Each structure stands twice: as C-alpha cells, then as structure tokens.
Amino acid sequence: MSSFDKIRTRIAPSPTGFLHLGTARTALYSWAFARHHGGEFVLRIEDTDVARSTQDSVDQIIAAMNWLGLGYDEGPIYQMQRLDRYQAVIDLLIAQGKAYRCYATPEELDEMREAQKARGQKTLYDRRWRPEPGKTLPTPPDGVKPVIRFANPIEGDVTWNDLVKGPITINNREIDDLIIARTDGVPTYNFAVVVDDWDMRISHVFRGDEHVNNTPWQINIFNALGAPLPSFGHLPIILGDDGLKLSKRRGAVSVMDYAANGYLPEGMLNYLARLGWSHGDDELFSAEQMISWFDGSHLSKSPAQWDPAKLDWVNSHYVKHIDEARLAELVVEQLAAKGIVVTVADVQAKIGLFKDRCATVAILADWLSMYFAPVAPSAEDLATHVTDSIRPVLKALADRLAALGEWNKVVIQQVLKETLTAAGLKMPQLAVPVRVVVCGRAQTPSLDAVLEHFDKKKVLDRLQSL
C-alpha cells in the first residue's frame with residue numbers, strides 16, 4: 001500500500017449540473033474498490049467554478065448518491081470552504097520557488113499564442129514571468145492582478161502505471177506552467193484536486209480518461225509538495241446511441257431521471273458496473289457480490305456502449321425479484337406522480353399479475369393505472385376490435401356479469417365461456433374487445449385474472465358505456 005496505511009477513494013463531482021451516468025459509474029467503481037479492501041470512500045464537491053455551481057446541483061448529486069446506495073464515509077467536503085488551506089500551500093510553493101506570480105494580460109497571452117502558431121510551434125506559455133537565475137523580470141504593471149503559476153519541471157518525463165491503461169509517459173516539454181490560482185485567488189482544478197487528495201489521504205483515484213492529460217501536472221505538483229502519490233485509473237468513455245460520448249452537455253439524462261422513470265437502484269448499479277468491468281460471464285449480480293469481486297482488475301480499456309435495451313433487461317430482473325411490499329410502495333409513488341392517489345394495499349395484490357412483463361416500475365404503474373383511473377382506448381383499437389357486430393355480445397356479457405353473486409376469476413371465466421357459446425365465438429373474438437373497453441388496451445394477461453382485480457361496478461360501467 002506504499003505510503004498509505006489505508007485504501008481511500010473519492011468521487012469529486014462539480015455541482016454545475018446533475019450527477020450524470022459517467023460520474024455515477026466512476027463513483028460506483030471507487031466505492032466498490034474501497035469496500036472490497038475495507039477502506040473508506042469520500043464525497044468531495046468541487047465547487048470552485050463559482051459562476052456555474054449551484055446548491056440545487058449539490059442537492060441532486062447527494063440525492064443520486066443516496067438513491068444508488070453509494071454511502072460515503074466522509075463528506076460532502078466543499079472546496080470553497082478550504083480556500084485558506086489552498087492559499088497556505090500556494091504561499092509555501094512561492095516561498096520555495098516552485099510557483100510564481102504572472103502578470104501577463106489575456107491580450108499579451110493571445111499575442112504570444114498567435115506568434116507561436118505563425119512559427120508552427122505548439123502553443124505553450126513562454127514562462128516570461130518565471131524567475132530564473134540570471135533573468136531580470138519586468139516591473140509588475142500597475143492595476144494588473146497576477147495569477148499564480150506552478151513552475152513545472154522543464155526537463156524529464158512524467159510516468160505512471162495507470163490502473164486501467166498501463167504505463168503512460170508524457171515529456172515535461174509538452175506541459176507548460178499551469179495556472180494554479182486565478183486573479184481572485186480561487187484555485188484552479190488541477191491544483192485544488194492535488195491539495196485535496198493529499199489532505200484527504202486518497203490512495204487511489206478512479207476518473208474518466210479525459211483527465212489523462214491533467215495527470216502529469218498533478219503528479220508534478222504532488223512531487224513538488226513532497227506528498228504521497230495516489231494510484232490513478234482512467235476509465236474509458238461511455239458512448240451514446242449515436243456513437244459519441246455520453247455527456248450531460250449532449251442531453252444524457254441524470255441518474256435521478258432514471259429513478260423518476262421507474263428504474264431500480266439495484267438495476268442501475270448492476271448495469272453501470274458492466275459498462276467497463278466484468279467478472280467472468282456474470283451479468284446479474286448484487287452490490288454485495290460486486291464488492292467481493294471488485295479488486296480493480298478486469299477494467300476495460302475500450303469505450304463502453306450505452307444500451308437502453310440491455311438496461312431494461314437488467315432492470316426487469318430486479319422488478320421481478322424484489323420484495324413485493326417495496327415494489328408496491330414504488331408503484332404508489334409512480335401513480336402519485338400521475339395524479340392517482342392509492343395505497344399500498346390497493347396495488348399489492350395486483351402487481352404479481354403484471355410485473356413479469358415490466359422493465360420498469362413506471363411501466364408496472366401504467367398497467368395498474370387502469371384499475372384506478374379512466375382508460376382511453378385508441379381510436380384504432382376501438383375501430384378494429386369494438387365493431388357493431390360485437391357490441392351486442394359485450395352487452396350480453398355485462399348482463400351475465402351483473403348477475404354474479406361472487407367476483408373471482410373462476411366465475412368470471414365461466415361467464416366468458418357462456419357468452420362465447422351463446423354468440424358462437426372463439427375467445428379472442430370476445431376477449432380482445434373486452435380488454436380494449438375495460439383495460440384500454442388490446443393485450444393483457446389472462447382476462448379472467450385481470451377482471452378479477454377490478455371493482456365489479458367499474459367493469460360493468462365500462463362495458464355498458466358503449
């Protein structure tokens with residue numbers, strides 16, 4: 001475990017929007033790795049982008065973490081509450097000659113880059129304000145607040161053995177002197193993250209591979225501070241249906257949107273886990289199983305493909321197998337979102353009839369809504385199945401059902417058979433029109449079982465409304 005006495009991981013989202021799916025996967029891997037090794041998992045809110053950070057985003061991030069069941073041992077820790085600590089480290093680096101004040105204006109930097117482009121050079125800061133032996137610096141201009149830059153090593157390579165990608169080497173000549181504090185004193189990402197990981201004793205960092213290019217700067221800052229270096233693992237991107245990166249800026253819905261749409265946290269965790277990691281051929285597994293298996297190996301180097309159909313398949317497994325009392329509570333919540341107020345007792349006896357054909361709780365709630373709210377059959381179904389020739393048969397069925405003293409699927413089935421015999425029809429010729437009129441749809445599970453769960457008067461009213 002090198003310089004660390006305990007495995008500690010973290011997730012550090014920026015509160016500039018919701019917790020999106022890629023960050024949720026990173027959080028899951030970080031959490032599972034810490035739990036596997038008996039370590040600790042930290043939630044840090046990286047809110048130094050003051051203009052875009054919002055409390056609403058913080059609340060959504062925490063709600064998503066709680067919904068997923070990714071419990072954290074410390075946090076949430078907010079960067080904007082640590083400004084004094086960052087300033088102290090900056091002062092230390094300046095005193096040691098490892099950071100310096102830069103007074104170059106944005107206009108001067110633009111001119112510098114244009115000149116470099118004209119010469120066919122890579123656009124890097126030219127270190128004009130970097131103190132060096134024998135170099136005379138200009139007099140700081142009046143009225144210009146400096147940024148603070150890190151004095152990055154000029155020679156040599158930065159090499160690390162990435163937990164996902166293997167050995168990576170980047171030459172220091174490809175890296176310029178990073179701004180570590182803006183003119184207002186607020187630290188930049190690459191500096192604050194190093195101080196945070198150092199102070200919080202983070203031993204392993206899992207994050208998206210868009211951070212690979214940030215890692216050399218961060219390693220050099222760790223080294224300049226004499227801080228222990230965490231192990232880095234850069235996870236490949238998740239591709240959307242269009243083959244482009246799944247991103248909140250490109251419309252990828254948030255974790256909590258999936259919760260609102262009736263997905264289960266067990267299904268989401270199971271699906272996210274397989275987007276870049278595997279344990280043999282196992283496709284369906286619990287969070288506890290993942291913890292026992294997730295040792296940081298078997299992480300894919302290739303991008304993962306978001307597959308809504310696969311997510312639905314995984315989620316349907318959990319809809320079928322979770323405790324029905326809990327499932328009933330979730331159905332009640334989904335119905336309430338539709339403006340249909342019912343109790344757990346109202347739905348619990350009904351869900352077993354429909355849950356095996358439902359990928360989400362929302363779909364299950366849609367099935368059950370026909371028992372509690374008016375139905376609206378499509379014009380096409382009505383025209384196709386509820387013809388003038390079948391209407392008298394439906395009226396005869398209603399009369400027979402009205403005469404029943406009991407209301408269960410045995411007696412309902414008997415009445416259906418009697419009606420079929422009297423009309424000289426086969427079951428589909430009667431059952432489909434009944435489904436359309438009573439249930440609002442042409443296909444349902446066994447009709448007698450479906451009708452059994454209706455209030456008798458509601459069935460009669462719908463049949464007699466033609």
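Residue numbers count from 1 along this sequence. Here the structure is a predicted model, which means the values were calculated and not measured.
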Assess, by modelled atom type and distance only, whether the side chains of N190 and Q218 contain a donor and an acceptor separated by less than 3.5 Å. yes
Atom CG of D110: over 12 foreign heavy atoms under 6.0 Å: yes
The test is ring-ring contact (aromatic ring centres under 6.0 Å, His included); show your working for Y189 and H211 and say whether it passes. CA-CA 11 Å; Y189 164 77; H211 288 288; 5.4 Å; yes
If we ignore angles and hydrogens, is there a donor and acceptor under 3.5 Å between the side chains of E266 and N270? no
For the residue pair H204 and F33, categorise the inter-ring angle as parallel (less than 30°), tilted (30 to 60°) or perpendicular (more than 60°). tilted
Short side-chain to backbone donor-acceptor contact, K6 and G39, under 3.5 Å: no
D196 and Y86: side chain donor to acceptor below 3.5 Å: yes
Where is the tightest heavy-atom contact between D157 and N172, given as atom of each residue plus distance? N-ND2, 4.1 Å
Are R435 and D381 close enough for a salt bridge, meaning some N to O gap below 4.0 Å? no
Between CG of L21 and CG of L311, what distance do you get to the nearest 0.5 Å? 9.0 Å
Interatomic spacing from CG in D176 to OG1 in T123 - rounded to 0.5 Å: 8.0 Å
V58 vs Y78, side-chain contact (heavy atoms from CB on, under 4.5 Å): CA-CA, chis, key distance, verdict: CA-CA 10 Å; V58 173; Y78 297 89; 3.4 Å; yes
Point-to-point distance, once rounded to the nearest 0.5 Å, from CZ of F18 to CG of D56: 11.5 Å
Only residue of R149, R127, R128 satisfying salt bridge (charged side-chain N to carboxylate O under 4.0 Å, His left out) with D177 is R127
For the pair Y29 and L272, evaluate side-chain contact (heavy atoms from CB on, under 4.5 Å) and give the outcome as yes or no after the intermediate values. CA-CA 9 Å; Y29 289 174; L272 285 174; over 6 Å; no
Under the salt bridge (Lys or Arg N to Asp or Glu O under 4.0 Å) criterion, do D197 and R8 qualify, and how do the steps go? CA-CA 10 Å; D197 286 344; R8 283 172 60 87; over 6 Å; no
How are the rings of Y263 and Y258 set relative to one another: parallel (under 30°), tilted (30 to 60°) or perpendicular (over 60°)? perpendicular
Between P13 and I61, which heavy-atom pair has the shortest distance, and what is it? CG-CG2, 3.7 Å
Can you check side-chain contact (heavy atoms from CB on, under 4.5 Å) on H279 and F285, steps first, answer last? CA-CA 10 Å; H279 182 266; F285 44 83; 5.9 Å; no
For residues 233-240, run the donor-acceptor check on the side chains, cut-off 3.5 Å, and write out each pair with its distance to 0.1 Å, sequence neighbours left out.
| residue | atom | partner | partner atom | Å |
| --- | --- | --- | --- | --- |
| H234 | ND1 | D162 | OD2 | 2.6 |
| H234 | NE2 | R207 | NE | 3.2 |
| H234 | NE2 | T215 | OG1 | 3.0 |

Nearest 0.5 Å, what's the OG-NE2 distance between S316 and H321? 9.5 Å
After noting the C-alpha distance and the side-chain angles of W129 and Y100, does the key distance pass the ring-ring contact (aromatic ring centres under 6.0 Å, His included) rule? CA-CA 8 Å; W129 284 95; Y100 59 95; 9.0 Å; no
Answer yes or no for R25 and W306: cation-pi contact, defined as NZ/CZ to six-membered ring centre under 6.0 Å and angle to ring axis within 45°. no
Counting only pairs under 3.5 Å, give me each side-chain donor-acceptor contact of residues 361-369, with atom names and distances, residues two or more places apart or in other chains.
| residue | atom | partner | partner atom | Å |
| --- | --- | --- | --- | --- |
| D366 | OD2 | R441 | NH2 | 3.3 |
| S369 | OG | D366 | O | 2.7 |

Output, in order, the C-alpha distance, side-chain angles, deciding distance and verdict of ring-ring contact (aromatic ring centres under 6.0 Å, His included) for W277 and F294. CA-CA 9 Å; W277 171 79; F294 195 89; 5.4 Å; yes
Decide side-chain contact (heavy atoms from CB on, under 4.5 Å) for L68 and L28; before the verdict, give the C-alpha distance in whole Å, the side-chain angles of both, and the deciding distance to 0.1 Å. CA-CA 9 Å; L68 289 168; L28 171 59; over 6 Å; no
To the nearest 0.5 Å, atom CG of L229 lies from atom CD1 of I202 at 13.0 Å
Distance, nearest 0.5 Å, that separates OH of Y318 from CG of L269: 8.5 Å
